[in-house]
Number of protein chains: 2
Amino acid sequence: MKPPGSTLALEAVLGIERPILGAPMARVAGARLAAAVSGCGALGFIGGGYGDLDWIDAELSALDPSSIGVGLITWRLDEEPAVLDHVVAAGPRAVWLSYGDPTPHLETIHAAGLVAVCQVLDLDSAVAARHAGADVIVVQGSEAGGHGRPGRGLLTLLPAVVDQISDIPVVAAGGIATGRQLAACWQLGAAGIALGTRLYATHEAADSTAAKRRLVELRGDDTMHSTVFDRVRGPRWPEGYTGRAATNSFVREWHGAVDDLEADLARQRDRYAAGVAADDLDVRVLWAGEAVDLIDDVQPAAAVIREIHGEAADL
Amino acid sequence: MKPPGSTLALEAVLGIERPILGAPMARVAGARLAAAVSGCGALGFIGGGYGDLDWIDAELSALDPSSIGVGLITWRLDEEPAVLDHVVAAGPRAVWLSYGDPTPHLETIHAAGLVAVCQVLDLDSAVAARHAGADVIVVQGSEAGGHGRPGRGLLTLLPAVVDQISDIPVVAAGGIATGRQLAACWQLGAAGIALGTRLYATHEAADSTAAKRRLVELRGDDTMHSTVFDRVRGPRWPEGYTGRAATNSFVREWHGAVDDLEADLARQRDRYAAGVAADDLDVRVLWAGEAVDLIDDVQPAAAVIREIHGEAADL
């Protein structure tokens, strides 16, 4: 724990040169993307998601674990704490915990000398995570793609969190894809930013070319929060979480009729699995944040990060 | 219409010294608040709401109409266009249209030599309003209090709109209460900001002391979007609009059960009216944006505006 009042730069806490984190997008942020992000002076995270250790081990074996971080879903660790022990033993530079109370898991991370990054969706959780010993707070607005919660914009939530937490770095996440947004987040008191959707639309992200092209075409108004994809994919998420994804036929069909979806679940799961197998973007989920409005091309991750950082520094 | 490519400053278009608009909060922004806002170099708007001409005339008679603007709800003007004729004839400096397609009404405003301010909630509406001849675009994120729509944060929607509209001023609205947010909005390309909830918590706003104190106590996470208050108060809003208000017992009771509310409407309307009469904040609506996180006191409006503008200019 840092002594109160001594604000530490994000770069110093994480040993990086650019105050930018690559969000641990489950399965999409693999070794290739994380290595590209870390390779240009930011910090890449592997998206460990629900904790599939075979996948995580395969990705970690493709790089130097100490050069990147690993992200995990906190409420899954409550069910399987051994996943965290395994990840920590692999020696990443940091562990990023999202969606749940990080308190029970911070000791495991700190005992191994790793940095604990805690992602939060509201003010109370930010203060609680700081109190529990988080080294970095990532505050995520509802602009973000993937899992989160509707209802809080980063333009208010970020300064509200910064007002409460002044002694450790607060990182802004959700909807960020440009240097002027990084500059705006600096104005609001952030120590840096996390990039999710913007890095999804890079060569190194682990998804199809069609999926990445769709991100470029999509607009923010064509994305929405829903529980539909979690219901059909499983596992079931705790109450209160939704995910922002591209608005496609599947989510449009079931969003207002989740009871009907649950009643027909076996059949819809087959249909969904077929959509995944065919990479049918009108069926399968494409997690996407409002940042898609500001994404015009699929680029190498390092070019994205250099451009954003350079533009913000110029401003 | 301004020639494309010639960006005009908000101050020049509206004849003001500070790039800040007082949002036309229906009934809450009366002559007293609008005059205080205009009196310190910004531009105050009277909240004409649904178009009650007796109320509007009474407020306009208390000041020089050319020193302020009037806000009206666009979809109501579609039903009663004479309201706009009446307001325009009174000679305000500007008319602010919200919630609906402004196209049919812009000629009336321009024929009288007034400035047309068009508030939008998404990218398509921004481009359409510009094309129709809006002089100023106000882009409102879902952080805002009062009517709007969930789903779009200002941190992404604002730069997306600015990317499309470069020849007239774009004003940022929703959740803004501090100078660092004004500075952040400048970074994102805004020509200025609109203040709603922050001005609600001022001496000059037309509501009870208890209501204003509640705004100071409230936190952004204690506000939510719902249609409950519109259903019980009437008139019925078009599909797609919600309003962000303080989460109180009444909205908590009915938000997930609007069909039950509709089935018991007569009784609940009586109950609601009694809550209004008693200024019972656990029943009556208190429109409130996420900005409440950043509001620590009830102040004079001029002090609020000077502080925000001064802080932003320093940054």
Side-chain angles (χ1 to χ4, degrees), chain A residues 121-126 140-145 149-164 172-190 193 197-198 219-225 244 247 289-296 311-312 315, chain B residues 121-126 140-145 149-164 172-190 193 197-198 219-225 244 247 289-296 311-312 315:
Chain A
L121 306 173
D122 57 54
L123 190 51
D124 280 345
S125 304
Q140 177 182 308
S142 55
E143 297 91 342
R149 208 179 284 154
R152 287 309 309 262
L154 204 48
L155 194 72
T156 62
L157 185 57
L158 172 60
V161 168
V162 168
D163 277 350
Q164 298 290 322
I176 303 172
T178 66
R180 54 197 161 144
Q181 289 173 301
L182 170 52
C185 290
W186 277 336
Q187 292 282 16
L188 297 172
I193 54 171
T197 306
R198 174 59 273 202
R219 305 190 327 158
D221 292 324
D222 305 323
T223 66
M224 63 183 283
H225 278 271
R244 186 186 283 275
T247 306
E290 296 182 29
V292 290
D293 270 341
L294 308 166
I295 300 175
D296 297 325
E311 186 191 355
L315 288 169
Chain B
L121 306 174
D122 57 53
L123 190 52
D124 280 345
S125 305
Q140 177 181 307
S142 54
E143 298 91 341
R149 208 178 285 152
R152 286 309 308 260
L154 204 48
L155 194 73
T156 62
L157 185 57
L158 172 60
V161 168
V162 168
D163 277 349
Q164 298 290 320
I176 304 172
T178 65
R180 53 197 161 144
Q181 288 173 301
L182 169 52
C185 289
W186 277 336
Q187 292 281 18
L188 297 171
I193 54 171
T197 307
R198 174 59 273 203
R219 305 192 323 160
D221 292 325
D222 305 323
T223 66
M224 64 183 282
H225 279 271
R244 186 187 283 275
T247 306
E290 294 182 31
V292 290
D293 271 340
L294 308 165
I295 299 175
D296 295 327
E311 187 191 356
L315 287 169

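Hydrogens, waters and symmetry mates are skipped; everything else that's a heavy atom, side chains included, is used. Everything numeric in this text was worked out from a predicted model, so none of it was measured. Convention: sequence-line order gives letters A, B, ...; per-chain numbering from 1.
Here B:R152 pairs with A:D221, A:E290, A:D293 under the salt bridge (Lys or Arg N to Asp or Glu O under 4.0 Å) rule; sequence neighbours left out.
Closest approach of B:L155 and A:C185 over heavy atoms only: CD2-SG, 4.2 Å.
Among the candidates B:P159, B:P150, B:G175, B:G289, the residue making the largest number of heavy-atom pairs closer than 4.5 Å to chain A is B:P159. For the set B:R219, B:R180, B:R244, the count of heavy-atom pairs under 4.5 angstrom toward chain A peaks at B:R180. In terms of non-hydrogen atom pairs under 4.5 Å with chain A, the most contact-rich of B:G189, B:G151, B:A291 is B:G151. In terms of non-hydrogen atom pairs under 4.5 Å with chain B, the most contact-rich of A:A177, A:A160, A:A184, A:G179 is A:A184.
In this structure, B:L294 and A:D163 have side chains that are in contact, with non-hydrogen atoms separated by less than 4.5 Å. Considering only heavy atoms from C-beta on, A:Q181 comes within 4.5 Å of B:T156 through its side chain.
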